[in-house]
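Here is the naming used below: chain letters follow the sequence lines, and residue numbers restart at 1 for every chain.
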Protein chains: 2
Amino acid sequence: MSIIFSRQCEYALQATSYLALKPAGKMTTIKELTKKLNIPYHFLGKILQNLTYKGLLNSQKGPTGGFSLGMPAQEITLYHIVDAIDGNDFMTKCVMGFPECTGKNPCAVHEKWGGLRDGIYSMLVNKNIAQIAKEMKKPEFRLLVD
Amino acid sequence: MSIIFSRQCEYALQATSYLALKPAGKMTTIKELTKKLNIPYHFLGKILQNLTYKGLLNSQKGPTGGFSLGMPAQEITLYHIVDAIDGNDFMTKCVMGFPECTGKNPCAVHEKWGGLRDGIYSMLVNKNIAQIAKEMKKPEFRLLVD
DNA sequence: CTAATTTAAGACAAGTAAGTCTGAATAAAC
DNA sequence: GTTTATTCAGACTTACTTGTCTTAAATTAG
Ligand code: FES
Ligand code: FES
């Protein structure tokens, strides 16, 4: 089982992070992405297609085609990706699975979870693709190993 | 999709919390649990069976039979339940799905996630079934609504 | 001992997520 | 215009999770 994001979403985060390494507008093929990230080819194709539909990526067919970021890297946060793929249910649902999550009828960890949930949210919102690109250029960073 | 725990695990947390309300040793039937918690009968049966196998619950067949906590309530934490059903992969896996999660090859949110993950862990470890029972007796608390 | 009630067990069905395959559409390169 | 490389689209398969059904085993009550 994946942790909090679906497998699709994990792949989307990885692929988008990888795209962030490339100069703006530079097209990257699915083939390159699947090779570097070890993600099933057609599965990734559909995911990127979805992100393109949502406006987060650009795509171009034919030779020299591929995918690139659909907006300035500073404007794309991890939250955009997660929201596009998995939605934002985790922000409103009870972590113990009770039918609602409100202060009126709280579960045993409602308070604690509230803080953690907000922490996850800010983790996603405060990290944009431009930052990631910058961090990833550090030599120890994952994905740059080839 | 459930948030961080599987549906089974959510059910397990709810059912165990409910059992915590009862006097120690008092048997509660699946029927009562499914009715109060709105969980599919046989599905819950298997989950409780599993928790019994792992020693967290006691079971007894026949009339007056049912399930009760398998150890003193103070000794059962939410982490025990989660670990029994979903395991503890969330403690060691990368939240972005990369093959490993170490400081040597960190992903973009490794640091932040580390803190949040530890927060989730302590949320689970520091909440035992006895506390839950106490809190749940407050009138506004979920599950006591009937 | 018999009947009733409950968990135990396993097969099965339904639903969802993940992954595969094939061909069409598009666009560049020659 | 033809070839080639790529995304797009949809059907299909596989795997996993969730949920259902039926029967057996155990235990209590009478
Ligand atoms: S009620 Fe459970 S997290 Fe809010
Ligand atoms: S490497 Fe991603 S969370 Fe640690």
Side-chain angles (χ1 to χ4, degrees), chain A residues 1-16 19 22 25-35 37-70 82 84-87 89 97, chain B residues 1-16 19 22 25-35 37-70 82 84-87 89 97:
Chain A
M1 193 188 51
S2 48
I3 313 192
I4 52 181
F5 308 129
S6 69
R7 194 78 145 264
Q8 273 195 58
C9 190
E10 290 177 350
Y11 289 161
L13 291 168
Q14 293 177 25
T16 316
L19 289 180
K22 301 297 182 75
K26 164 81 174 173
M27 289 293 175
T28 306
T29 64
I30 301 178
K31 190 170 4 169
E32 178 178 346
L33 287 162
T34 59
K35 196 170 177 184
L37 298 169
N38 206 33
I39 300 173
Y41 187 93
H42 291 93
F43 195 31
L44 181 57
K46 289 190 185 310
I47 296 167
L48 298 184
Q49 202 175 317
N50 187 0
L51 292 175
T52 302
Y53 174 76
K54 302 248 169 72
L56 294 170
L57 300 182
N58 284 324
S59 73
Q60 195 186 7
K61 294 178 184 172
T64 76
F67 293 89
S68 64
L69 297 181
V82 169
I85 304 289
D86 279 351
D89 274 5
Chain B
M1 193 191 46
S2 47
I3 313 193
I4 53 181
F5 309 128
S6 69
R7 194 76 144 267
Q8 274 196 58
C9 191
E10 291 178 350
Y11 290 160
L13 291 168
Q14 293 178 23
T16 315
L19 289 180
K22 301 299 182 74
K26 164 82 174 169
M27 289 292 175
T28 305
T29 64
I30 301 179
K31 192 174 355 171
E32 177 177 347
L33 287 161
T34 60
K35 195 171 178 184
L37 298 170
N38 205 32
I39 300 173
Y41 187 93
H42 291 92
F43 196 32
L44 181 58
K46 289 187 187 308
I47 296 167
L48 298 184
Q49 202 175 319
N50 186 1
L51 292 175
T52 303
Y53 174 75
K54 300 248 169 75
L56 294 169
L57 300 182
N58 285 324
S59 73
Q60 194 185 10
K61 293 178 184 174
T64 76
F67 293 89
S68 64
L69 298 181
V82 170
I85 305 289
D86 279 352
D89 274 6

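- Sparse packing is recorded around NZ of A:Lys35, with 12 or fewer heavy atoms of other residues, nucleotides or ligands lying under 6.0 Å away.
- B:Met27 has its CE atom 11 Å from the P atom of D:dT27, to the nearest Å.
- Applying the side chain to side chain contact (heavy atoms under 4.5 Å, CB included) criterion to A:Thr52, with sequence neighbours excluded, gives A:Leu57, A:Ser59, A:Phe67.
- Rounded to 10 degrees, the angle between the two end axes of the helix from C:dC1-D:dG30 to C:dC30-D:dG1 is 0°, with five pairs used at each end.
- The shortest distance between side-chain heavy atoms of A:Leu48 and A:Leu51 falls below 4.5 Å.
- In terms of modelled atom types and a separation under 3.5 Å, the side chain of B:Asp86 and the main chain of B:Phe5 share no donor-acceptor contact.
- Counting all heavy atoms, side chain and backbone alike, B:Leu69 lies closest to B:Asn58 at O-ND2, 3.5 Å.
- Of the residues listed (B:Asn38, B:Ile30, B:Leu37), the one engaging B:Thr34 in a side chain to side chain contact (heavy atoms under 4.5 Å, CB included) is B:Ile30, and it is the only one.
- Counting to the nearest Å, the P atom of C:dG15 and the CZ atom of B:Arg7 are 13 Å from each other.
- Going from atom CZ of B:Phe5 over to atom P of D:dT18 covers 14 Å, rounded to whole Å.
- DNA chain C is contacted by A:Pro40, A:His42, A:Phe43, A:Lys46 of residues 39-48 of chain A, taking any non-hydrogen atom closer than 4.0 Å.
- Sorted by first and then second residue, the ring pair (Phe, Tyr, Trp, His ring centres under 6.0 Å) pairs involving residues 43-64 of chain A (not counting sequence neighbours) are A:Tyr11-A:Phe43.
- In this structure B:Lys31 satisfies the side chain to side chain contact (heavy atoms under 4.5 Å, CB included) test together with B:Thr29, B:Tyr41, sequence neighbours excluded.
- Among D:dT18, C:dA27, C:dG19, the nucleotide with an atom closest to any side-chain atom of A:Gln60 is C:dA27.
- One can place CG of A:Asn58 at 16 Å from C1' of C:dT26, the figure rounded to the nearest angstrom.
- Closest non-hydrogen pair, B:Leu44 versus B:Ala15, comes out as CD1-CB, 4.1 Å.
- Using a 4.5 Å cut-off on side-chain heavy atoms (C-beta onward), B:Ile39 and B:Leu33 make no contact.
- Residue A:Thr52 places none of its side-chain N or O atoms closer than 4.0 Å to OP1 or OP2 of D:dT7.
- Spacing between atom CZ of B:Phe67 and atom P of D:dT27 amounts to 13 Å, rounded to whole angstrom units.
- Within the 4.0 angstrom heavy-atom criterion, no nucleotide atom of any strand lies near B:Tyr53.
- At whole-Å resolution of the value, CD1 in B:Ile30 and C1' in D:dG19 are 14 Å apart.
- At least one donor-acceptor pair under 3.5 Å links the side chain of A:Gln14 to the backbone N or O of B:Gly97.
- Summarising the geometry, the separation between CG on A:Leu19 and C1' on D:dT7 is reported as 14 Å, rounded to the nearest angstrom.
- Across the interface with DNA chain C, nearest-nucleotide mapping of A:Gln8 and B:Gln49 shows B:Gln49 to be the residue nearer the 5′ end.
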Short N/O separations, protein against nucleotides 1-5 of chain D, under 3.5 angstrom:
none

